2 protein chains.
Amino acid sequence: MDINDLQTFLAVAESGSFSRAAERAFITQPAISKRIAALEAELGARLFDRVGRRIQLAPAGIALLPQARTILDGVGEAKRRIAALSRDIAGPLRLGTSYHVGLHRLPPALRQFYIAHPNVQLDLRFMDSEAACHAVEQGDLDLAVVTLPRGSNARLRREKVWDDPLEIVVAAAHPLAAARRLRLQALAEYPIILPVPGATTREIVLAALAPVRRNLRIGLETNYLELIKMLVSIGLGWSALPHTLIDGDLKVVQIEGISIVRELGVVTHAARTLSNAASAIIEAIRATK
Amino acid sequence: MDINDLQTFLAVAESGSFSRAAERAFITQPAISKRIAALEAELGARLFDRVGRRIQLAPAGIALLPQARTILDGVGEAKRRIAALSRDIAGPLRLGTSYHVGLHRLPPALRQFYIAHPNVQLDLRFMDSEAACHAVEQGDLDLAVVTLPRGSNARLRREKVWDDPLEIVVAAAHPLAAARRLRLQALAEYPIILPVPGATTREIVLAALAPVRRNLRIGLETNYLELIKMLVSIGLGWSALPHTLIDGDLKVVQIEGISIVRELGVVTHAARTLSNAASAIIEAIRATK
DNA sequence: GATTTCGATTTCCAAAGGTTATGGATATAA
DNA sequence: TTATATCCATAACCTTTGGAAATCGAAATC
């Protein structure tokens with residue numbers, strides 16, 4: 001049974017004539033005859049009584065009429081709902097973000113998006129970047145705004161939004177803070193404070209420090225950059241931190257030939273269709289770049 | 001858009017696989033691919049995300065799913081109404097019944113119906129009463145002949161056919177079997193054997209035993225009254241059973257002020273048109289009352 | 001009785017919808 | 001890792017369906 005058949009039935013029933021239904025549907029009258037005949041065959045009942053040169057609804061037709069309307073209403077509603085998906089920015093949006101990105105990069109985009117799209121139910125979850133990427137891969141999050149992972153993963157689509165340069169820092173009161181120029185070796189004599197193993201930022205920092213990696217003394221590990229900043233500022237060691245975290249308690253140390261940059265951005269599933277809400281918030285994030 | 005396309009969509013969404021949907025519909029997998037592709041083209045939206053070798057509902061698919069069900073329900077209702085106009089009693093009839101009712105109450109009606117209406121393809125399924133009611137609600141069964149549920153459910157139409165009084169029984173050799181008159185407290189010292197949690201009969205029995213409910217020792221649980229009878233008759237505890245199951249191995253114990261009655265009958269969907277076959281078998285069941 | 005109007009029927013063609021065979025991607029097993 | 005199996009997409013092919021055009025027969029209308 002085709003939806004067109006039901007529409008045809010309705011047109012015939014309402015116009016009381018095969019010919020007029022044909023005009024209305026912009027097809028020929030024999031086509032109408034065929035469609036009705038097919039419907040009658042499928043339902044095993046006569047829908048119209050052909051009385052001479054006019055027609056009349058048969059009992060089965062009377063029974064079908066309201067049902068046909070119901071069914072066609074349902075089809076229309078389905079089409080409308082799907083069409084609305086391409087217009088409306090609404091519905092649930094599960095967004096994961098790392099602590100640092102969520103606190104220092106995301107707020108403007110979030111604020112703008114929240115005002116512009118009140119019909120989105122935003123489910124914002126803080127977690128570390130790696131967990132967020134994994135959740136996106138599993139379909140548990142619509143998108144993640146995090147430190148972009150280094151390796152390539154075919155299941156994830158990554159879009160860099162911000163470069164986030166990291167500076168090597170020591171406490172303002174640290175012995176090395178006075179030095180104008182410093183060699184890496186000198187730093188390596190003091191303990192480094194690093195993100196926990198597995199964290200992308202840790203990998204990036206260690207890769208940049210490759211020349212002295214063997215000599216590094218790892219002092220403390222934490223999963224939270226703010227904590228690293230605090231630990232460095234009270235003199236427990238040195239580290240690499242983004243500009244946004246550096247203040248008077250810290251001294252930036254320039255080292256020849258060493259530059260550390262991590263990339264922050266959006267991670268989505270490569271094969272899943274983005275909801276409008278997800279696309280919209282990505283657009284908002286790009287706009288704050 | 002064809003009704004078959006929607007059915008295909010539903011089959012794919014429910015089975016989570018094009019291949020399984022193909023098996024279910026008795027057509028080849030490429031045909032399913034084509035149908036879904038045609039639907040997607042017509043609706044202008046992707047319905048499934050093909051993630052590697054598996055698929056997942058895309059946003060438009062999520063929106064379509066409930067609508068597709070509504071539409072297909074409408075089509076089914078239309079066919080049923082038209083079929084009901086004809087007098088002949090034929091076609092498929094899916095009947096669910098509980099073990100006990102199916103074995104002890106239904107056979108005469110079934111036999112008569114089967115002889116009188118050979119053109120009905122009867123699909124008789126044994127299951128517990130609660131599952132049968134649920135299946136009726138979902139449209140997976142045309143009717144259920146079961147222990148009537150206690151709570152009211154607007155989606156179900158219930159018709160009591162039989163009162164089924166339950167008697168408290170112990171084994172013939174049980175210490176309490178000798179007593180002429182018994183108080184409930186005395187019984188409560190021995191373990192009771194009950195239907196599994198969730199079963200309506202269990203609720204009815206427990207409600208009737210409310211005065212001593214706190215003190216009841218629940219010995220064993222099973223989903224099958226015949227089994228309860230066996231367990232009671234070998235002396236593992238007492239229980240409440242319908243007359244039909246009581247024989248010389250059991251002794252009925254009368255207790256002042258306690259009477260337990262469950263209702264057996266027919267459950268149908270409140271909003272669906274009954275097929276002629278369904279109406280006929282209900283009539284046959286009433287006749288055996 | 002001629003004419004008009006309407007639905008049914010026939011013939012023809014294009015499109016739709018199915019099957020088989022095959023390919024690419026990806027889980028699963030060895 | 002390699003082999004294998006599984007799953008969806010695609011291509012080629014064929015049958016069936018569905019529409020147009022032409023025509024027919026019956027019944028209102030003039």
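These numbers come from a predicted model, not from an experiment. Every heavy atom of this structure was used, including side-chain atoms; hydrogens, water molecules and symmetry mates were not.
Distance CD (A:E23) to P (D:dA20): 13 Å, rounded to an integer number of Å. B:E40 places its CD atom 11 Å from the P atom of D:dT10, with the value rounded to the nearest Å. As a whole-Å value, the separation of A:I55 CD1 from C:dT5 P is 17 Å. Rounded to whole Å, the distance from CG on A:N153 to P on C:dT26 is 11 Å. For A:Q7 and D:dG18, the CD to C1' distance is 16 Å, given to the nearest whole Å. Summarising the geometry, the separation between CZ on A:R155 and C1' on C:dA25 is reported as 11 Å, rounded to the nearest angstrom. D:dG18 atom P lies 10 Å from atom CD of A:E42, rounded to whole Å. The nearest whole Å value for the distance from the CG atom in B:D49 to the P atom in D:dA9 is 11 Å.
Remark: A:E40 does not engage A:R35 in a salt bridge, criterion side-chain N to carboxylate O under 4.0 Å. Ion pairing between B:D73 and B:R272 holds under the 4.0 Å rule for side-chain N and carboxylate O.
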**OP:** Let me see the working for A:L148 and A:L264 under side-chain contact (heavy atoms from CB on, under 4.5 Å), right down to the final yes or no.
**Re:** CA-CA 5 Å; A:L148 295 182; A:L264 310 179; 6.0 Å; no

**OP:** Evaluate side-chain contact (heavy atoms from CB on, under 4.5 Å) for A:T288 paired with A:V161, printing each intermediate quantity in order.
**Re:** CA-CA 9 Å; A:T288 64; A:V161 178; 5.5 Å; no

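For B:E42 (side chain) and B:M1 (main-chain N/O), a donor-acceptor pair under 3.5 Å exists by modelled atom type. Remark: side-chain polar atoms of B:D2 are paired, donor with acceptor, to backbone N or O of B:N4 under 3.5 angstrom.
Checking D:dC7, C:dG7, D:dC8 against the side-chain heavy atoms of A:F18 singles out C:dG7 as nearest.
Between A:R50 and C:dA8 there is a side-chain polar atom (N or O) within less than 4.0 angstrom of OP1 or OP2. Under 4.0 angstrom from either OP1 or OP2 of D:dT10 there lies no side-chain N or O belonging to B:S33. The shortest distance between the side-chain N/O atoms of A:S19 and the OP1/OP2 oxygens of C:dG7 is below 4.0 Å.
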Original post:
Taking protein heavy atoms under 4.0 Å as touching, what does nucleotides 10-24 of chain C look like 5' to 3' if B marks base contact, S marks sugar-phosphate-only contact and - marks none?
Top reply: -------BBBBB---

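Note on ring orientation: taking the six-membered ring where Trp is involved, the planes of A:F126 and A:Y99 are parallel (angle under 30°, cut-offs 30° and 60°).
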